[in-house]
Amino acid sequence: MKEAIAILTGGGPAPGMNTVVGSVAKTFLRKGYRVIGLHEGYTGLFNPSPRTVDIDYPMADGIFNQGGSFLQMSRFKPKDSDFENNFNLKFFTDNNIKLLVTVGGDDTASTANRIAKFLEAKKYPIANIHVPKTIDNDLVLTDHTPGFGSAAKYVASTVREIVLDASVYQQRSVTIVEIMGRHAGWLTAASRLARKYEGDNPCLIYLPETPFSLEQFYNDLDAAFKKSPNLVVCVSEGIADEGGTFVCEYSDAAKLDSFGHKMLTGCGEVLESFVRDKFGVKVRSIELNVNQRCSGMMVSETDIEESAMAG
C-alpha cells in the first residue's frame with residue numbers, strides 16, 4: 001500500500017491557511033505519497049468514521065487562494081480518556097499514514113504533541129510537522145505567522161474608512177473599534193497604519209499588554225476632545241484591568257470555549273456605555289469580528305507567498 005500523509009487544520013481560519021494545505025499536498029504528491037485531508041480538525045481522529053478527502057493536484061491548485069478552511073475545523077480539545085476510548089488508531093494503520101501535518105496555533109500544536117506521544121506509546125510512532133498559523137501573531141519563536149499580514153492590512157484599511165466616516169460632522173463623537181487579540185496587541189497596533197499625519201485618528205489605541213483603567217480612559221478622551229471633536233479609539237478585545245479582569249467581563253457576558261479560554265467579545269459595548277454616561281456625546285462601538293480573518297479582498301501577496309513556502 002502506498003505510504004500516506006494526513007493533514008488537518010485547527011483553531012480559527014486565517015488568510016493563507018488553504019495555501020499551506022495546498023502547498024503541503026503538492027510537496028508530498030511530488031514525492032509519491034497519498035495525501036489525505038481530514039475534515040473537522042481533531043474531531044475526525046476521535047471518530048470511528050472520520051470524514052476525509054484525497055487531495056490531488058487539481059484540488060490543491062483549486063484551494064490555493066481560497067478563504068476560510070477547505071478542510072473545515074473544530075475547537076475540540078480531547079480529554080485523556082478520549083485517547084484510550086475514542087482515538088481512531090485504525091485510521092492510521094489502515095491508510096499506512098507515516099506523517100501527520102497540523103496547521104494552527106498553540107492549542108493545535110499542543111494537541112498534535114499529545115497525539116504523537118500517544119501513538120509512540122502504542123508502538124505506532126509517526127512523524128509530526130506543525131505549521132504555525134494565527135492572525136494574532138503571538139506564537140513563540142516566530143517573527144510573524146501566515147494570516148497576520150493580511151489581517152493587519154484589513155484592520156488598517158477598515159479603520160481608515162471608519163476614520164473618514166467619523167470625521168464628516170462637527171458634533172462631538174466617539175467611535176470605538178474592537179479588534180481581535182486576547183493577549184497580543186499586534187492586530188490592534190496595526191490600526192496605527194490608518195493615521196495619515198501626527199494627531200490623526202485613531203487618536204487612542206489600547207493593547208492587552210498594558211493594564212487598562214476606566215479612569216485613565218476618561219482622562220485620555222477628555223484631553224483628546226480638546227484637539228478634535230471626532231475621536232476614533234481602537235481597543236483589543238483582551239484589554240484587562242490591573243487585577244486581570246477583562247473589560248468585557250464588566251458586563252458578565254464572557255463565557256468559556258472548549259479550551260477553557262474566555263470568549264472575549266463586548267469590551268467595545270462596555271466602553272460605549274461608559275462614554276455615553278460620562279460624556280453624553282454621540283458614541284458607537286464597532287466589532288470587526290471575523291471579518292479580520294475571512295476577508296478575501298485584501299489578502300496580502302506576501303502572506304500567500306510565505307504560506308506557500310511554509311507548506
Side-chain angles (χ1 to χ4, degrees), residues 8-23 41 63-75 102-111 130-162 177-194 202 205-209 234-239 246 248 257 259 261-265 267-268 286-311:
L8 62 82
T9 54
M17 169 173 280
N18 289 320
T19 306
V20 172
V21 174
S23 184
I63 66 174
F64 219 66
N65 292 330
Q66 182 176 312
S69 175
F70 164 73
L71 291 177
Q72 301 182 320
M73 318 175 79
S74 72
R75 293 189 181 275
T102 55
V103 187
D106 280 331
D107 290 320
T108 305
S110 62
T111 302
H130 181 74
V131 183
K133 172 281 313 175
T134 173
I135 63 169
D136 292 324
N137 200 38
D138 61 348
L139 298 185
V140 176
L141 303 181
T142 61
D143 175 77
H144 58 279
T145 53
F148 167 67
S150 297
K153 181 179 178 182
Y154 178 88
V155 166
S157 301
T158 302
V159 170
R160 184 60 198 165
E161 293 174 338
I162 292 171
V177 185
E178 181 181 335
I179 299 168
M180 283 182 174
R182 179 184 303 276
H183 298 301
W186 287 99
L187 270 188
T188 306
S191 66
R192 184 184 185 278
L193 298 172
I205 299 173
Y206 296 95
L207 311 181
E209 288 85 352
C234 291
V235 298
S236 290
E237 63 183 359
I239 54 173
F246 291 111
C248 66
D257 65 17
F259 283 88
H261 301 318
K262 288 174 180 174
M263 299 170 66
L264 307 183
T265 181
C267 72
I286 301 170
E287 184 183 348
L288 297 192
N289 211 300
V290 298
N291 296 350
Q292 297 152 100
R293 70 187 189 193
C294 71
S295 174
M297 300 302 293
M298 285 187 254
V299 174
S300 159
E301 183 178 357
T302 301
D303 236 353
I304 296 300
E305 290 176 351
E306 291 185 342
S307 295
M309 288 190 290

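Computation of the quantities below employed the complete heavy-atom set of this structure, encompassing side-chain atoms and omitting hydrogens, waters and symmetry-equivalent molecules. Please read all numbers here as calculations on a predicted model, not as lab measurements.
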J.: So which heavy atom on R182 is nearest to which on F246, and how close?
T.: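 Minimum heavy-atom contact is O-CE2, 4.3 Å.
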J.: Which pair of non-hydrogen atoms, one from M180 and one from R293, has the smallest distance, and what is that distance?
T.: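 Minimum heavy-atom separation between M180 and R293: CE-NH1, 4.3 Å.
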J.: For E209 and G185, indicate whether the former's side chain and the latter's backbone hold a donor-acceptor pair under 3.5 Å.
T.: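 At least one qualifying donor-acceptor pair exists.
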J.: Could you tell me whether the side chain of I239 reaches within less than 4.5 Å of the side chain of L207, counting heavy atoms only?
T.: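 With C-beta onward as the side chain, the pair stays apart.
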J.: I'd like to know if the side chain of N18 and the backbone of F64 have a donor-acceptor N/O pair within less than 3.5 Å.
T.: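 It does not hold such a pair.
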J.: List the steps, then state whether side-chain contact (heavy atoms from CB on, under 4.5 Å) holds for T158 with N291.
T.: CA-CA 10 Å; T158 302; N291 296 350; over 6 Å; no
J.: Taking all atoms of both residues into account, what is the closest heavy-atom pair of G238 and P208, and its distance?
T.: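 Scanning both residues, the minimum pair turns out to be O-CB, 3.6 Å.
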J.: Is a donor on one side and an acceptor on the other found under 3.5 Å between the side chain of K133 and the backbone of T102?
T.: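 Checked: no pair found.
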J.: So, taking the atom named CD1 in I286 and the one named CD1 in I162, what distance separates them when rounded to the nearest 0.5 Å?
T.: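 So the gap between those two atoms works out to 4.0 Å.
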J.: Look up atom CZ in F70 and atom OG1 in T9, then write down how far apart they are to the nearest 0.5 Å.
T.: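 Nearest 0.5 Å value for the CZ-OG1 distance: 10.0 Å.
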J.: Please list, chain by chain and in numerical order, all residues satisfying side-chain hydrogen bond (donor to acceptor under 3.5 Å, both in side chains) with T188, sequence neighbours excluded.
T.: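 Listed in chain order: S236.
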J.: Examine distances only and state if a side-chain atom of E178 and a backbone atom of E287 form a donor-acceptor pair shorter than 3.5 Å.
T.: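 Side chain of E178 to backbone of E287: no pair is present.
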J.: Using atom types as modelled, flag every donor-acceptor pair under 3.5 Å from a side chain in residues 137-149 to any protein atom, sequence neighbours excluded.
T.:
residue : atom : partner : partner atom : Å
N137    : OD1  : T145    : N            : 3.2
T142    : OG1  : L139    : O            : 2.6
H144    : NE2  : E306    : OE1          : 2.7
H144    : NE2  : E306    : OE2          : 3.2
T145    : OG1  : T134    : O            : 2.6

J.: Check whether any side-chain N or O of S23 sits under 3.5 Å from a backbone N or O of T19 as a donor-acceptor pair, and report yes or no.
T.: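 Answer holds: no.
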J.: Please test N65 against I304 for side-chain contact (heavy atoms from CB on, under 4.5 Å), starting from the C-alpha separation and ending with a verdict.
T.: CA-CA 7 Å; N65 292 330; I304 296 300; 3.4 Å; yes
J.: Going from CG on L193 to CZ on R160, what distance comes out if it is rounded to the nearest 0.5 angstrom?
T.: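 Here the rounded value is 11.5 Å.
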J.: List the atom of V159, the atom of S191, and the distance in Å for their closest heavy-atom pair.
T.: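 Closest approach of V159 to S191, heavy atoms only: CG2-CB, 4.1 Å.
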J.: Among residues at least two apart in sequence or on other chains, which ones pass side-chain contact (heavy atoms from CB on, under 4.5 Å) with E305?
T.: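 Testing E305 for side-chain contact (heavy atoms from CB on, under 4.5 Å), a comparison that skips the adjacent residues, returns E301.
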J.: If I compare all heavy atoms of L187 with all of V155, which pair ends up nearest, and what's the gap?
T.: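 The pair with the smallest heavy-atom distance is O-CG1, 3.6 Å.
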J.: What's the verdict on side-chain contact (heavy atoms from CB on, under 4.5 Å) for E237 and I179, showing C-alpha distance, side-chain angles and the deciding distance?
T.: CA-CA 6 Å; E237 63 183 359; I179 299 168; over 6 Å; no
J.: Between T108 and V103, is a side-chain contact (heavy atoms from CB on, under 4.5 Å) present by the stated rule, with each step listed?
T.: CA-CA 7 Å; T108 305; V103 187; over 6 Å; no
J.: Rounded to the nearest 0.5 Å, what separates atom CD in Q292 from atom CD1 in I135?
T.: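 Spacing of CD (Q292) from CD1 (I135) equals 5.5 Å.
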